[in-house]
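Contents: one structure, followed by commentary.
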Amino acid sequence: MAQAPQAKYRKDYQSPSHTITDIELIFELHDTATLVTAVSQVQQLKESTTLALDGDGLTLKSLRIDQQQWTDYELVEGGLKIHNLPNMFTLEIVTELNPEANTALEGLYKSGGAYCTQCEAEGFRRITYYLDRPDVLAKYTTTVIADKVQYPFLLSNGNRVEQGELDNGRHWVKWFDPHPKPAYLFALVAGDFDVLTDQYTTKSGRNVTLEIFVDKGNLDRANHAMVSLINSMKWDEERFGFEYDLDIYMIVAVDFFNMGAMENKGLNVFNSKFVLANEKTATDTDYLGIEAVIGHEYFHNWTGNRVTCRDWFQLSLKEGLTVFRDQEFSSDLGSRAVNRINNVRIIRGPQFAEDASPMSHPIRPDKVIEMNNFYTLTVYEKGSEVIRMYHTLLGEEGFQKGMQLYVERHDGTAATCEDFVKAMEDANGVDLQQFRLWYNQSGTPTVKVASEYNEQAQTYTLIVEQSTESTHDQKEKQALHIPFDVELYSAAGDVIELQCNGEKVANVLNVTQAKQSFVFEGVTEQPIPSLLREFSAPVKLEYDYSDKELTFLMVYAQNEFARWDAGQMLLAKYIRTNVEAVQAGKVASLPAEVVDAFRGVVLSEVLEPAFIAEMLSLPSHNEVSGWYKTVDVDAIAQVLKAIKIQLSAELQDEFGAIYHSLNQAEYTIDHDAIGKRALRNTALSFLAYTEQGNELVKSQYAQANNMTDTIAAMAAANQAQLACRETLMADYSDKWKHDGLVMDKWFALQGSNPAGNVLEVIKQTMHHEAFSLKNPNRTRSLVGSFLNMNPVHFHAIDGSGYQFAGEILRELNSVNPQVASRLVDPLLKLGKYDQQRQSLIRAELEQLKAMDNLAKDLFEKVSKALES
Ligand code: B3K
Ligand code: ZN
């Protein structure tokens, strides 16, 4: 590496020296030599006659100022400096690009036969020299020129204003976007597609054309995306009062995409994974994922596009908020409890793990080398938890008042997280000074609770202590403002009203000090507390519950989330004790009362099937690993498997009954049907470990009339290593080998295969006709699932898993640095493993670090990990 990449700091923010009010772009598309002409209207804002523009990997063809050729400029690292400029001028720059060679999938690139762009965070500088920062907002006019036969659709942001033909078989379309926007929201697509069209009339009567562009032949997979889009538009009007603001909303599905999707103004570009679905090709989880991501990108139109971020350190301003909005959308349309459970699993699993890793950072980071590295679970998911805490503290009405004020104040501008807090404060007349610390402080707080019942005084006291361990990025921690939602129950299962100082108090306690007591009066019996209800803050809870209290809460807690959480705490207790037992050479097992508690859940006639399925799901290996300072990979895997096998043996009859009673003859995708399939397939995942497992799984695979049941059968065969596994896998591959997206599910099973020869199989699978390391979905499915979902073999003590990861990462570093940088995450957690594994991982990281062409993305993470 020539020169170590430089970090940028939040504290160094400076407003721009110039701004650009309007830009006119002309793209002459050619596979290896595309010409981009950019004509910008530039205005000087600060005392400076030099304009420094960002640029990356561009070939400059010409530079003119006010129509005159300009030679007073210099090409510098990362851009271009133009000198001796007037204070207002027209800048014309022509650059040449090679979209076909762009395997990083950032800027303008080719996905299959189509051209598309990805500009967030800093991709626009790979298209032209520009002020590529989110606080420069311009109006865009874009003309796209390409061959008419190959690229009948030429798309960009805003409204189509003109089009025409050229005599060399090429045609052009001109777009104008009236909403000023930062460069990261620019988009262009050119290709040949099938289009699904619909209409939406907004609440004020504006007619909007909706278009979803998919690869030819995929029209029968676009319907759910359209339904989800219409639902999103309606929901945002009803719950937030936000209406769409252009005449057209387009979504394009592409196969080569680094992440889920992108909210470009009026022209969303989507990973086809989050658009394409029909019952034969997609699982229920895929359907729900599509609904969430379509919603998420649509919701960005107000939280992200109309109000954007001043600088990238503020990313959570739009992402945390928009994740909160998409979570609420999914919860309003589906099961609130199941959605909450799944969101909390992500926080407690991978987000807490990120907090504990060398990449720990606050939701508003202070220091960044490669911005793409900060599209993290912390910024997104913990960021959403922070927004949820405002909602918990202020209620729906107060929260909405804050939202309206925020949008009123900042519409059409680039804002900061501070602006958001201020709007919440001002709209509600509250002081959120201490709450602001959630933006500054990284790491996971622990809330340790003790309780005391005073029979004589009839008082019940909760003693709450909070602390946050130092993280890699930050030593000192302070006490946070934690909304702590509690409820008390009598032994008969009744709710005990909370009273303090003679007054009824709300369930949400304001924990603000390092140690604090809450005394409740009029408590006539020793109560059972339900703590951190709804996971009211992203913290670790410690309270010494007895088994009896937990099994009580599993049945009597009024809140479904609390019931699930009690079940998880009960499991957690026995996972921990069993890990110790296994380490001491004993066998793992659950006591009869615990098995009975879960039997009660399985037999429940009041609980929703989808919820029962969640109650029966054990915490993942990754989540359990997070509970330990040093992870014993094999002991954890052994315990989780033993518990699964014991539950399947002892609850075999109950699971069998469920499995047979929930069979649905016809496939529908309503929430009730999804829930029943989820529970039935959960039952199958247990039954797979019994004697009848192989036959049941085989026959489910043969009879399945939808992908959910097909994949559930294959996953059960995979996990339980059933005899039928190979036959099912071969049959599936035969059937779907021409469809990469459908094959991703198969690749993921190959990657997570618990068999001893998995690495050998993965290496062979990389030659499968549907596999390509250049396609991020394929790579994440096969390699990503090995690194993240196959702990025993990835962490094999001979280092083979780490070596394989190292080889792939060295290759991907030059193919696609963003994908490489996502994939490296499990290696960053080396500090959690024993000495031998640590040194094996370290060796791989050292090798990466020593590469001459190491991209900024990997450089930032690898060097942090090695410093730790
Ligand atoms: N805003 C984009 C993510 C861009 C990621 C850049 N590496 C998608 C989203 O969060 O909606
Ligand atoms: Zn987003």
Side-chain angles (χ1 to χ4, degrees), residues 56 102 104-107 109 116-126 132-134 157 181-187 225 228-229 232 236 249 251-254 256-271 273-275 289-309 311-330 343 346 359 363 365 368-384 387 414 776 780 816-823 825 855-858 860-861:
D56 181 6
N102 183 355
L105 315 184
E106 207 186 6
Y109 65 93
C116 65
T117 54
Q118 172 55 36
C119 295
E120 187 177 359
E122 297 177 330
F124 195 73
R125 63 188 63 187
R126 296 168 61 107
D132 189 8
R133 44 186 292 164
N157 318 83
K181 64 169 176 286
Y184 83 86
L185 289 173
F186 169 79
S228 302
L229 175 59
S232 308
D236 214 15
Y249 193 91
I251 291 176
V252 185
V254 300
F256 285 72
F257 206 64
N258 282 342
M259 61 270 169
M262 179 63 211
E263 70 262 26
N264 318 298
K265 184 81 189 186
L267 176 57
N268 289 183
V269 178
F270 266 63
N271 186 327
K273 173 179 163 62
F274 290 110
V275 174
I290 290 170
E291 179 180 270
V293 179
I294 294 266
H296 181 97
E297 306 313 329
Y298 176 74
F299 304 142
H300 266 315
N301 191 53
W302 279 94
T303 52
N305 302 3
R306 294 285 294 244
V307 183
T308 193
C309 299
D311 56 79
W312 289 121
F313 297 101
Q314 317 294 326
L315 180 62
S316 199
L317 175 70
K318 74 176 176 84
E319 295 304 346
L321 179 53
T322 305
V323 171
F324 172 77
R325 278 154 50 69
D326 85 54
Q327 290 178 352
E328 283 300 294
F329 169 61
S330 298
N343 298 333
I346 292 174
M359 265 298 282
I363 63 165
V368 165
I369 292 179
E370 170 52 61
M371 190 53 215
N372 286 326
N373 282 339
F374 288 83
Y375 287 74
T376 57
L377 291 159
T378 301
V379 167
Y380 274 64
E381 311 297 324
K382 184 177 177 182
S384 163
I387 301 293
R780 283 188 286 254
N816 188 328
Q818 259 186 76
V819 171
S821 191
R822 281 273 149 140
L823 223 50
D825 285 347
K856 272 178 14 173
D857 314 56
L858 277 181
E860 180 167 39
K861 290 189 175 181

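Whatever order the structure lists ligands and atoms in, that order sets their numbers, starting from 1. Residue numbers count from 1 along this sequence. The structure displayed is predicted, hence computed values, not measured ones.
Atom 8 (C) of ligand 1 has as its closest protein heavy atom Ala261 O, 2.9 Å. Atom 3 (C) of ligand 1 has as its closest protein heavy atom Tyr380 OH, 3.5 Å. Glu120 OE1, 2.6 Å is the protein heavy atom nearest to atom 1 (N) of ligand 1. Summary of contacts: the protein heavy atom closest to atom 11 (O) of ligand 1 is Glu297 OE1, 2.7 Å. Distance from atom 7 (N) of ligand 1 to its nearest protein heavy atom, with residue and atom name: Asn372 OD1, 2.8 Å.
Counting atoms of ligand 1 from 1 in the listed order, those under 4.0 Å from a heavy atom of His300 are 9 (C), 10 (O), 11 (O). Each of the atoms 7 (N) of ligand 1 lies under 4.0 Å from some heavy atom of Gln818. Close contacts between ligand 1 and Glu319 involve ligand atoms 1 (N), 9 (C), 10 (O) [criterion: under 4.0 Å to a heavy atom]. For ligand 1, the atoms sitting less than 4.0 Å from at least one non-hydrogen atom of Lys318 are 1 (N), numbered in the order shown with element in parentheses. Taking every non-hydrogen atom of Met262 and a distance limit under 4.0 Å, the qualifying atoms of ligand 1 come out as 1 (N), 2 (C). Atoms of ligand 1 found under 4.0 Å from any heavy atom of Glu263, numbered from 1 in the order shown, are 1 (N), 2 (C), 8 (C), 9 (C), 11 (O).
Judged by distance alone, the side chain of Thr308 and the main-chain N or O of Ala414 form no donor-acceptor pair under 3.5 Å. Without hydrogens or angle criteria, Asn271 side chain to Phe274 main chain gives no donor-acceptor distance under 3.5 Å. Side-chain atoms of Tyr109 come within 3.5 Å of backbone N or O of Phe256 as a donor-acceptor pair. In this structure, Glu122 contributes its side chain and Phe124 its backbone to no donor-acceptor pair below 3.5 Å.
Considering only heavy atoms from C-beta on, Asn372 stays 4.5 Å or farther from Lys856 through its side chain. A heavy-atom distance below 4.5 Å is found between the side chains of Glu297 and Phe270. Within the 4.5 Å cutoff, no side-chain heavy atoms of Asp56 are placed close to those of Glu106.
Note: Tyr375 and Tyr380 have tilted aromatic rings, judged against thresholds of 30 and 60 degrees for the angle between ring planes.
Checked by distance only, ligand 1 and Gln118 stay at 3.5 Å or farther apart across all their nitrogen or oxygen atoms.
For an aromatic pair to be called close, the ring centres must be under 6.0 Å apart, and Phe299 with Phe329 satisfies this.
Contact annotation: for Arg822 versus ligand 1, there are no heavy atoms closer than 4.0 Å.
Ligand 1 lies nowhere less than 4.0 angstrom from a heavy atom belonging to Glu106. Proximity of Met371 to ligand 1 is not established, as no heavy-atom distance is less than 4.0 Å.
Among the atoms of Glu297, none of the N, O or S atoms falls under 2.8 Å from the Zn ion (ligand 2).
When each of Glu319, Glu263, Gln327, Glu291 is checked for a side-chain hydrogen bond (donor to acceptor under 3.5 Å, both in side chains) with His296, only Glu319 meets the rule.
We find that Arg822 and Asp857 are not joined by a salt bridge, their nearest charged nitrogen and carboxylate oxygen being 4.0 Å or further apart.
Vertex the Zn ion (ligand 2); arms to Glu319 OE1 and His296 NE2; angle rounded to 10 degrees, 110°.
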